[in-house]
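Fair warning: this is a prediction, and the values are worked out from it, not measured in the lab.
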Amino acid sequence: MHGNTVQNLLLNNIHMPFDEVMRHSPLGMAVINFDGKYEAINEVYCDIYGYTKAQMLGHSFTMVFKPEVRDYILDLHQRFLKTGGILAGEWEVQRADDTILHVISQSAQVPGNDGTMRRLVYVTDITARKKIERELEASHLFIHSVLDALPAQICVLDEKGTILSANSAWINFLISNGGDPEILLKQSSYLDLCKPAATSTNKGGLETELFYEKLLEVLAGENDYFEIEYPSHLPDERRWFIARVTRIPSAEPPRIIVSHDNVTALKIAQEELHESLTFTRKLINSMQDGFTVLERSGRALEVNPALCRMTGFLDTELLRWGAGFPYWPEDKNDQLQTLLQRVLKGAEGEIEVTLVRKNGTRFPANVTFSCVNDENGHPINCIATIKDITERKRMEDDVHRLAFYDPLTNLPNRRLLHDRIEQSIAAGKRSGNHAAVLMIDLDNFKPLNDNFGHDVGDLLLIEVASRLRSCVREIDTVARFGGDEFVIIISELQAGAENSKNQVTMIAEKIRSALCTPYLLPIQYDGKPEYIEHRCSASIGVALFNSHNTTETQVMKWADKAMYLAKDDGRNLIRFYIAPSLQ
């Protein structure tokens, strides 16, 4: 993963100052993932080790250590990310030109959006200071001049803890914390300064008590180095410091260096980063729509609970390396990749697609993609918002059904019927085949309504619709024209008029016979369910036509005229009207 990706996605989803901290920090700073690879570094860090960012990003941080200790250093790094605690100390490292450096580093755990921890490390090049420490006894004046030039608060102790020397920064630090600079003239013990601080809750509490105990160990030669972070707040200012104590092993007599570095800016940045990440996660987790952050390849870096609920997948399943979009239909994968690439190039990205849950069920969704750019405006990642539109689709289907289908029989209504006739006419023009419209009117329907009510009449109409559908092909249309009238469109008949008429006659006779079969309709009589038998025939008018100079209005008039002819001739009959162009 590239450094810009980490800065903008892992650490900078919502107005975070981390980029500025990295840029302006006087310390070398780097973000290292669990595998030990650099994900972000600042220029100071690169300058310390003599590499460019391109040479370091994506490579193991152990590159700056000697080969024989790299495995141990990597193991130490990974144990820190697993267990926490403190990972800090002084290290001997190599620059790109193979020169040896001494650095001091402090680490903090930073949670990543992919659920794993990163190590945020602050590094200070102390090579110059090490050299100074080796030359302290040789040139006391040189020590003072150099120490006074350093921003860190530094003093030098003997093995009894007596303060031998201190720089200007340490003296100012002492004064700001209520100390008396006259102690430097009295060769006072540093331990005497620590005792009041160790017992005061306003000066660091448990941290300064621990500092006192650790300092005793260094003075006694039981330990050569330690560091500790502690608060030292003023009434109107919050401050944090890192105290580092080093025993110079080569000095004779023994000398101990105590330094205090003000890390308030980094501490506040770390707190703000944590608060920002917490707010971001709460915001994402509270969303009702699914949300995911994607790499350029399409791999998910972050998912919210709504997406897991929506798709049935666990977050660990969606974040697994190579998981991609397991809820995306396989036949749409190419479409997904094309869409992602378009979005990364600055295009808008929105699509309606049927997604697949973990249990195999499907649901319609609206997926909106947007791009995450780095500080230079270059696209690095995508954000996808997934909305389940099942309810919206259901409402649209309901509206469509109410507009075009009869609610009782679920057959096409008059509006859709007209559209289907026009489609049949257009198809006939292309194929040259004939078509027919059958107008069907039920005989003996009114007495059923009068004697048993409209509910029973509706039952008969539902049964009629079912019988009509069973008599025709799927390509044909059965519609309810209104009341007890039905219309059937028979498309793609044979080209010859006589053959087409014979074909339609067989279908119409099949319909007439089906509708004459007695109906058993359930009724309630004295609160008990019973069945009545009802006989109902049909008068059928057929308009046979081709598409030559034919309109939908003409076809319906011809079929209606033929149907009334069947009624006038005695009902339960089939009568034809042959279009003039076929006569």
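Residues passing the salt bridge (charged side-chain N to carboxylate O under 4.0 Å, His left out) test with K358 are E317, sequence neighbours excluded. In this structure, the ring-ring contact (aromatic ring centres under 6.0 Å, His included) partners of H77, at least two apart in sequence or on a different chain, are F61. Shown here are the side chain to side chain contact (heavy atoms under 4.5 Å, CB included) partners of S60, two or more places apart in sequence or in another chain: T62. Among residues two or more places apart in sequence or in another chain, the side chain to side chain contact (heavy atoms under 4.5 Å, CB included) test is passed with T127 by L101, H102, D125. With sequence neighbours excluded, the residues satisfying ring-ring contact (aromatic ring centres under 6.0 Å, His included) with F226 are F211. Here Y49 pairs with Y45 under the ring-ring contact (aromatic ring centres under 6.0 Å, His included) rule; sequence neighbours left out. Scanning for salt bridge (charged side-chain N to carboxylate O under 4.0 Å, His left out) contacts around R357 gives D388, with sequence neighbours left out. Residues meeting the side chain to side chain donor-acceptor pair (under 3.5 Å) test with Q55, sequence neighbours left out: T52. In this structure, the salt bridge (charged side-chain N to carboxylate O under 4.0 Å, His left out) partners of D97, at least two apart in sequence or on a different chain, are R95. The salt bridge (charged side-chain N to carboxylate O under 4.0 Å, His left out) check on D158 picks up nothing, with sequence neighbours excluded. E227 meets the side chain to side chain donor-acceptor pair (under 3.5 Å) test with Y225, R244; sequence neighbours excluded.
The side-chain heavy atoms of T368 and K387, taken from C-beta on, include no pair separated by under 4.5 Å. Put simply, the side chain of K53 reaches to within 4.5 Å of the side chain of E43, judged on heavy atoms. Between E159 and P253 there is no side-chain heavy-atom pair separated by less than 4.5 Å. The shortest distance between side-chain heavy atoms of L219 and L191 falls below 4.5 Å.
For the pair N359 (side chain) and T361 (backbone), a donor-acceptor distance under 3.5 Å is present. Without hydrogens or angle criteria, D47 side chain to G28 main chain gives no donor-acceptor distance under 3.5 Å. T292 contributes a side-chain N or O that, together with a main-chain N or O of E302, makes up a donor-acceptor pair within less than 3.5 Å. Counting only distance, with no hydrogens or angles, the side chain of N223 and the backbone of E217 share no donor-acceptor pair below 3.5 Å. In this structure a side-chain-to-backbone donor-acceptor pair under 3.5 Å is present from N304 to D289.
If you take CZ on R255 and CG on L157, they are separated by 9.5 Å, rounding to the nearest 0.5 Å. Note that CZ of R247 is 10.0 Å distant from CD of E222, once rounded to the nearest 0.5 Å. For the atom pair CZ of R239 and NE2 of H260, the computed distance is 11.5 Å after rounding to the nearest 0.5 Å. Note: L87 CG to Q109 CD = 9.5 Å, rounded to the nearest 0.5 Å. One distance of note links CG of L81 with CD1 of I32; it measures 9.0 Å at 0.5 Å rounding. Expressed to the nearest 0.5 Å, how far CE of M117 lies from CZ of F34 amounts to 11.5 Å.
Under 3.5 Å, the side chains of S107 and R119 contain a donor-acceptor pair of N or O atoms.
Nearest heavy atom pair, residue Y327 against residue L307, reads OH-CD2, 3.6 Å. For the residue pair G36 and L74, the shortest heavy atom distance occurs at CA-CD1, 4.0 Å. Here the shortest heavy-atom pairing between A300 and L319 reads O-CD2, 3.6 Å. Considering every non-hydrogen atom in both I41 and C46, the closest pair reads CD1-SG, 3.4 Å. Across every non-hydrogen atom of V44 and P26, the tightest pair is CG1-O, 3.7 Å. Of all heavy-atom pairs spanning V31 and L120, the tightest one is CG2-CD1, 3.9 Å.
Shown here is D71, whose CG atom has no more than 12 heavy atoms of other residues, nucleotides or ligands within 6.0 Å.
Listed by first then second residue, pairs satisfying salt bridge (Lys or Arg N to Asp or Glu O under 4.0 Å) with a partner in residues 73-92 read K66-E92, D75-R79, E90-K130, not counting sequence neighbours.
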Query raised in the report: Passes side chain to side chain contact (heavy atoms under 4.5 Å, CB included), Y51 versus M63? Steps please.
Result: CA-CA 11 Å; Y51 291 94; M63 63 189 291; 3.6 Å; yes
